[in-house]
**Student:** 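This is the structure I have questions about; it appears just below.
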Protein chains: 2
Amino acid sequence: MTILVGFIYTPVKQRFMKLTSKGRYAVMALVDLAKFNNINPVSLRDISLRQGISLDYLEQIFAKLRKKEIVQSVRGTQGGYILNKKAKEIKLTNIFEAVDEKVKTVQCKKESKKGCNGKLVKCLTHNLWDELESHINNFFDKKSLDDLVKDNEEKRV
Amino acid sequence: MTILVGFIYTPVKQRFMKLTSKGRYAVMALVDLAKFNNINPVSLRDISLRQGISLDYLEQIFAKLRKKEIVQSVRGTQGGYILNKKAKEIKLTNIFEAVDEKVKTVQCKKESKKGCNGKLVKCLTHNLWDELESHINNFFDKKSLDDLVKDNEEKRV
DNA sequence: AGATACTTGACTATTTTAGTCGGGTTTATA
DNA sequence: TATAAACCCGACTAAAATAGTCAAGTATCT
Ligand code: FES
Ligand code: FES
């Protein structure tokens, strides 16, 4: 905190956009699941081996996916996970939201007139981040798990 | 690192997309600079006060912007920074690139057949991240500093 | 000379990430 | 009914990144 002519800088504590391995893994794992999602549930162990993702980490991720009702679990031997909806109805936005990687560029409340950094007016770049957010979410809202699986099958042909 | 049936998980150390305060500040500061960029250079102290960004941090950011020839410095009293190009020619991509916040979703080499996580084949979601990268950079390539300033003036009217 | 402003580089508290670990519970099947 | 395969849950942690801070300059105007 720097003090300058009676001015105090309150550090802005806001990570304003993230998309990291957790989200990437979630999508990878779900594509894998969707591909092998015939009759039997798919175990995390299989996904872990096929995709090279730590089993323990996958468990954390799937706990979140289950809470958001994207997957369903089947316990016991021969258990695993199955999709809880049609692959076409699972959009990337849903997945990212479930694992806390929602794309959110502005932290300031939309309704309130207040800006970020506590000022009484929106900052110079507020509009930009707002547009960016729409731009990205637009992409994620359109893409479904089904699209990804199909995209993948094509590639293989 | 978990060992499982002779399998070793090498942790994937890749942050695959970032856009944080540093980039946000860089853009804010440059919009401010562009607005007040008449004849005289604009001092970081002024930007700091107007935008509520730590002066010390701004100095770090502007050092990078100068290295990439986005701004020019004028030393001494009444000194400060001026834009090194027309505001119309400074795209957001250039700004983010300068402060190391380039949007880069895939780490695997494009030419090589190898995928991320060291596998010999591209992962299930490679295409997706590739598309996403284009989608976002498309947005940033189009937006110039000039657009932002104009956008801002309109709002004020 | 003094003040203003840029320049450089090292340092650091805090937070986030990408896991790990240990102990459960549930259920199919041998 | 014993066992093993799978999910379930919460706590823990090393390493990295973030958002700065701080100190000691140098250049230039008045
Ligand atoms: S982002 Fe909304 S005011 Fe700064
Ligand atoms: S992102 Fe290119 S192979 Fe995984």
Side-chain angles (χ1 to χ4, degrees), chain A residues 1-5 8-26 28-29 33 40-49 52-67 71-82 99-101 116-117, chain B residues 1-5 8-26 28-29 33 40-49 52-67 71-82 99-101 116-117:
Chain A
M1 212 183 290
T2 305
I3 298 170
L4 179 67
V5 210
I8 297 171
Y9 290 103
T10 38
V12 179
K13 287 281 150 55
Q14 50 186 205
R15 153 149 298 83
F16 92 104
M17 182 158 159
K18 65 173 171 180
L19 232 40
T20 62
S21 291
K22 200 191 321 200
R24 184 205 284 264
Y25 287 161
M28 277 177 79
L33 178 53
N40 304 325
V42 180
S43 75
L44 293 189
R45 190 175 155 282
D46 286 355
I47 296 180
S48 160
L49 286 169
I53 304 169
S54 146
L55 180 59
D56 287 314
Y57 203 24
L58 271 180
E59 274 172 351
Q60 281 186 48
I61 292 169
F62 272 76
K64 295 183 180 224
L65 293 173
R66 189 170 53 90
K67 269 184 206 122
V71 296
Q72 254 190 0
S73 71
V74 181
R75 302 187 72 164
T77 328
Q78 300 294 100
Y81 286 91
I82 52 173
V99 297
D100 311 319
E101 301 230 322
C116 51
N117 63 26
Chain B
M1 212 182 288
T2 305
I3 297 170
L4 179 67
V5 209
I8 298 171
Y9 290 104
T10 38
V12 179
K13 285 282 150 55
Q14 51 185 203
R15 154 149 297 82
F16 92 104
M17 181 158 158
K18 65 173 170 179
L19 232 39
T20 62
S21 291
K22 200 192 319 201
R24 184 205 283 264
Y25 287 162
M28 276 176 81
L33 178 53
N40 304 324
V42 180
S43 75
L44 292 189
R45 191 174 156 280
D46 285 355
I47 296 179
S48 161
L49 287 168
I53 304 168
S54 146
L55 179 60
D56 287 315
Y57 204 23
L58 271 181
E59 273 169 353
Q60 279 187 50
I61 292 169
F62 272 76
K64 294 184 180 222
L65 293 173
R66 188 169 54 90
K67 267 182 206 124
V71 296
Q72 254 190 359
S73 72
V74 180
R75 303 187 73 163
T77 328
Q78 300 294 98
Y81 286 92
I82 52 175
V99 296
D100 310 318
E101 301 231 321
C116 49
N117 62 26

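Here is how names work: the chains are called A, B, and so on, in the same order as the sequence lines, proteins then strands, and each is numbered from 1. Basis for what follows: all heavy atoms, side chains included, without hydrogens, waters or symmetry-related copies. Values in this document were obtained by computation on a predicted structure and should not be read as measured data.
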**Student:** Could you tell me how the ring of A:Phe62 sits relative to the ring of A:Tyr81: parallel (under 30°), tilted (30 to 60°) or perpendicular (over 60°)?
**Tutor:** tilted
**Student:** Give the rounded distance in Å between these two atoms: CZ of B:Arg45 and C1' of C:dA3.
**Tutor:** 12 Å
**Student:** Give the rounded distance in Å between these two atoms: CG of A:Leu55 and P of C:dT20.
**Tutor:** 9 Å
**Student:** With a 4.0 Å limit, can you tell me whether A:Tyr57 has a side-chain N or O closer than that to the phosphate oxygens OP1/OP2 of D:dT13?
**Tutor:**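 Checking A:Tyr57 against D:dT13: no side-chain N or O falls below 4.0 Å of OP1 or OP2.
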**Student:** Is the phosphate of C:dC6 approached by B:Ser43 (side-chain N or O, under 4.0 Å from OP1 or OP2)?
**Tutor:** no
**Student:** Measuring to OP1 and OP2 of D:dA6, would you say a side-chain N or O of A:Tyr81 lies under 4.0 angstrom away?
**Tutor:** no
**Student:** When you match A:Phe62 and A:Gln78 each to their closest nucleotide on DNA chain D, which lands nearer the 5' end?
**Tutor:** A:Gln78
**Student:** May I ask you to say what A:Gly79 touches in the nucleic acid, namely base, sugar-phosphate or nothing, with a heavy-atom cut-off under 4.0 Å?
**Tutor:**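 Sugar-phosphate only.
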**Student:** So, does the side chain of A:Gln60 form a donor-acceptor pair with the base of C:dT20 at under 3.5 Å?
**Tutor:** yes
**Student:** Send over the distance from B:Asp56 CG to C:dT7 C1', rounded to a whole Å.
**Tutor:**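 The answer, rounded to whole Å, is 12 Å.
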**Student:** With a 3.5 Å distance limit and no angle check, can you tell me whether A:Ser48 reaches the backbone of A:Ile53 through a side-chain donor-acceptor pair?
**Tutor:**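 Yes.
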**Student:** A:Arg66 side chain N/O closer than 4.0 Å to the phosphate oxygens (OP1, OP2) of D:dC8?
**Tutor:**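 Answer yes for this pair, as a side-chain N or O of A:Arg66 is under 4.0 Å from OP1 or OP2.
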**Student:** Would one find a side-chain N or O of A:Thr77 under 4.0 angstrom from OP1 or OP2 of C:dT29?
**Tutor:**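 Result: no.
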**Student:** Taking atom C1' of C:dA5 as reference, at what distance in whole Å does atom CD1 of B:Ile82 sit?
**Tutor:**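 Taking atom C1' of C:dA5 as the reference, CD1 of B:Ile82 is at 14 Å.
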**Student:** Quick one: list whatever passes side-chain hydrogen bond (donor to acceptor under 3.5 Å, both in side chains) with A:Lys64, sequence neighbours left out.
**Tutor:** A:Asp100
**Student:** Given 3.5 Å as the limit, does a donor-acceptor pair link the side chain of B:Ser54 with the main chain of B:Tyr57, or not?
**Tutor:** yes
**Student:** Check whether any side-chain N or O of B:Thr20 sits under 4.0 Å from OP1 or OP2 of D:dA17, and answer yes or no.
**Tutor:**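 Checking B:Thr20 against D:dA17: no side-chain N or O falls below 4.0 Å of OP1 or OP2.
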**Student:** Take A:Lys67 and B:Glu101, find for each the nucleotide of DNA chain D with the closest heavy atom, and name the residue whose nucleotide sits nearer the 5' end.
**Tutor:** A:Lys67
**Student:** Measure from CG on A:Leu65 to P on D:dC7 and round the result to the nearest Å.
**Tutor:** 13 Å
**Student:** Between the side-chain atoms of B:Arg75 and the base atoms of C:dT7, is any donor-acceptor pair under 3.5 Å?
**Tutor:** no
**Student:** Atom CZ of B:Arg24 and atom P of D:dA19: how far apart are they, to the nearest Å?
**Tutor:** 10 Å
**Student:** Given atom CD1 of B:Ile61 and atom P of D:dA19, what is their separation to the nearest angstrom?
**Tutor:** 9 Å
**Student:** Between D:dG10 atom P and A:Lys64 atom NZ, what is the distance in whole Å?
**Tutor:**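 The answer, rounded to whole Å, is 13 Å.
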**Student:** Using atom types as modelled and distance alone, determine if a side-chain donor or acceptor of B:Glu101 lies under 3.5 Å from a backbone N or O of B:Thr20.
**Tutor:** yes
**Student:** Please determine if a side-chain N or O atom of A:Lys18 lies less than 4.0 Å away from the OP1 or OP2 oxygen of D:dA17.
**Tutor:** no
